[in-house]
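These notes concern the structure reproduced below.
Letters A, B, ... are given to chains in the order of the sequence lines, protein chains preceding strands, and every chain is numbered from 1.
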Number of protein chains: 2
Amino acid sequence: MTTLKQLAKLLNVSVSTVSKALSDADDIGEETKKRVKELAETLNYKPNKLALGLKSNVTNTLGVVIPDILNPFFAEVLYGIQKQANAKGYDTLVCISNETTQTEINAIQLLKQGRIDGFIISPASQTIQTNNFTHLEAAKNERIKFVMFDRVDNNIQTDKVSIDDQKAVFSATEWLIKKGKSKIVYLSNIENLNISSDRKKGFHEALHKHNIQIQPEFELNLTNIETAHKTIEKFIKSNHFDAAIAVDNNSAIMFQSLLKSFKPELVNQITCIGFANSKTSKLAYPPLSYINQNATKIGEQAVDLIIERIKDKSDNPTYKEIKVATDVVEV
Amino acid sequence: MTTLKQLAKLLNVSVSTVSKALSDADDIGEETKKRVKELAETLNYKPNKLALGLKSNVTNTLGVVIPDILNPFFAEVLYGIQKQANAKGYDTLVCISNETTQTEINAIQLLKQGRIDGFIISPASQTIQTNNFTHLEAAKNERIKFVMFDRVDNNIQTDKVSIDDQKAVFSATEWLIKKGKSKIVYLSNIENLNISSDRKKGFHEALHKHNIQIQPEFELNLTNIETAHKTIEKFIKSNHFDAAIAVDNNSAIMFQSLLKSFKPELVNQITCIGFANSKTSKLAYPPLSYINQNATKIGEQAVDLIIERIKDKSDNPTYKEIKVATDVVEV
DNA sequence: TTGAAAGCGCTAACAA
DNA sequence: TTGTTAGCGCTTTCAA
């Protein structure tokens, strides 16, 4: 790595002259600037970011804590985060908590060691289930700035980005009802999170509004991937239904596939919808209509929020809670 | 952030005493050590990693450049990288190249600014298609250590981790043939990469070995997601076939779904196999047998290699090229 | 057993 | 217009 010192030596000037020349300070002669810049170019000089960070307490780096990168939703959020962070001149230090609180604590420790300006987190399911947010509280006390996304918690005061889960599922359910559907099976592989209960509320709300009876046996729990196929098969074989709504990224694809195997004659009459994006919707045929969660947008918004917060030096900030719009994409 | 200086002041000792006490140096009195450690604990002192990095030229951070995080394969590799890096005490600075060379160049620039000890990269498809590896050559000249994975290039001398693409597809094809299949359709959505041609070679090799004629119209190009369904539909409707092999992560799921729609009577007679993992294989019903690419393992191996290389101070290293074993998982 | 000083690469206030 | 100096947080050598 080329350093200022080396440039200075080669050019027979002082380190500070080189530093100033490179930043186009107006107290350096044009001639000198030119010489300095040329040599810097030739030697492919890049300022050492560690030194800059140490000096200025600004790292231009964002921490990102993601529960599960194998979940396409989080992968897409990460994509949005990266894209936006890059556009704004930030790098990302990424940690995957693997849904456990301990890994999350470690991650935040790492992120606290002066290496980031702030972080973006969606808490692990374990954290949410045990309601153990002490590490985030601690971060807050140490004035470390962070933004929560997707799995947001009401007890933590900070900036948040999510979708309106209840509304998203309400709209999708209503979309089905308006197509004349009334015997709708509800699929979820999401563990016991706020998101999950909000989504179910949206489902119930829509049924209620349209005077449709809630039937507990029409709500399938597919958390366990090993038994999911069996659960769906059993349901398909022994119930009358005319639509399916999945509140995660996978279950609708699965359901449709089983439907085609066990009741092929019904495929055209039964409408399936799930959370997805334009690409994953096409894994199924016919392609599934889907609830577009705008995961990329969530990531972008999270980045905007954290950068805004980083730049905001006020002591008593008013936190923002952004709801990214979702929409039903009919294919 | 608590610093050594602050601790020193509070304890009325010097900075160097604190530093040594915390690292258990044997020239510091037990009593002092105890006092220092207690206060450090209370104030939740964490050494500033930037300062450590600046001082020691060791960052314990790995750069990771990934072409496409929405591809489940790369997501899983990233998972493996994170897991292993963490286990070995490294953090990861992740960049997504989005399949373009320019982003990749930027990423490597970022990674070069003294922030990482080495990086792990799978080149963008653009980089490979234009055969433009100057940025990697440059990195090599600057003695920056890196490991290539998956999309490895013969012209770059460095450590590499990949699967034996030809062999993997050969084995899977042969697995189909041994089940009595001979009219096998070949599906690929992979752009023109080495991987792609190696996989096709494996396919041809197996056909050849078992005296099966190669039929170009049995090799479907599904690169364009918009036309993929149509292409498959047309094929299914107008050809006799008894098996399908997909050399990517999505096409087999898609193919099976279209098959069930257009030739449901054949589903039980036609065997589909694709690259997948235990989870994605279950998106289809019946679950697909799959070629297990061991993406997690690839990530882990890449981390092991880069760490080994970082620790190796020799001038003329012998580079390793690891082939991770694949296997056909019959469901 | 403890502390002072130098230095990693950089910036910025101040001096020349 | 250029250079000197101090300091960001840390480790380490050497001196006390």
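- Put simply, CG on Asp24(A) is 16 Å from C1' on dT11(C), counting in whole angstrom units.
- Shown here is Glu321(B), whose CD atom has more than 12 heavy atoms of other residues, nucleotides or ligands within 6.0 Å.
- If you check the side chains of Asn316(B) and Ser314(B), you find no donor sitting under 3.5 Å from an acceptor.
- Straight-line distance from the CG atom of Asn12(A) to the P atom of dT1(D): 20 Å, rounded to whole Å.
- Counted by atom type alone, Thr127(A) and Glu104(A) present one or more donor-acceptor pairs between their side chains at under 3.5 Å.
- When side chains are defined from C-beta on, Asp153(B) does not count as touching Pro123(B), because their heavy atoms never get closer than 4.5 Å.
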Classify every nucleotide of nucleotides 8-16 of chain D by which part a protein heavy atom approaches to under 4.0 Å, writing B for the base, S for the sugar-phosphate alone and - for neither, in 5'-to-3' order.
BBBBBB---

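- Listed here is the closest heavy atom pair of Asp68(A) and Phe74(A): O-CB, 3.4 Å.
- An OP1 or OP2 oxygen of dT4(D) is reached within less than 4.0 angstrom by no side-chain nitrogen or oxygen of Ser14(A).
- As a whole-Å value, the separation of Leu11(A) CG from dT2(D) C1' is 13 Å.
- To the nearest angstrom, P of dT1(C) lies 9 Å from CG of Asp26(B).
- Across every non-hydrogen atom of Glu137(B) and Asn155(B), the tightest pair is OE2-O, 4.1 Å.
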